[in-house]
Amino acid sequence: MTLTLVDRTRRTDAATGKDADASPAKDVVDPGAAPEPENSPDSAPRRAAGREADGLAVASFVLGLVGLLVFNIVLGPMAIVMALLALTRRTRRRGRAFLGLALGVADLVVLAALVTANGTVAWSIGG
């Protein structure tokens with residue numbers, strides 16, 4: 001097995017008389033090099049948006065879960081908004097986004113039950 005190093009920064013083209021520092025031609029293929037991924041102008045932002053949407057889905061799930069115990073007046077709506085944003089941005093974690101949405105709605109249901117039972121927005125355990 002032979003290892004061949006290719007210098008991609010310099011190329012000499014005696015037939016056309018170009019500079020040695022000219023950029024390599026598109027049709028020149030290095031057989032030992034790995035194929036280069038297609039460079040579409042929106043591929044990097046799409047990956048970043050996908051990661052951001054996945055993060056929103058997880059955050060909505062966590063906020064909805066924590067909101068069942070504390071600060072449901074704040075965390076419930078936040079969980080709902082984050083879940084909807086994650087779903088509109090086409091997250092790969094759709095299950096977590098739907099769970100975050102359901103837990104956010106459950107937070108608001110718990111809040112409504114507390115307000116009607118006690119007249120306050122706080123838990124009241126005991127007498």
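- Contact record, R89 with A53: CB-CB, 3.8 Å, taken as the closest heavy-atom pair.
- When the shell of 6.0 Å around CG of L65 is examined, it contains more than 12 heavy atoms from other residues, nucleotides or ligands.
- We find the CG-CG distance between L63 and L75 to be 5.5 Å, quoted to the nearest 0.5 Å.
- A83 and G100 get closest at one heavy-atom pair: CB-C, 4.2 Å.
- Within the 4.5 Å cutoff, side-chain heavy atoms of L68 are placed close to those of L103.
- Put simply, the side chain of D107 does not reach to within 4.5 Å of the side chain of L111, judged on heavy atoms.
- Between atom CG of residue D54 and atom CZ of residue R92 there is a gap of 4.5 Å, rounded to the nearest 0.5 Å.
- Using a 4.5 Å heavy-atom cutoff, the side chains of L101 and S60 are not in contact.
- T91 places no side-chain N or O within 3.5 Å of a backbone atom of L87 that could act as its donor or acceptor partner.
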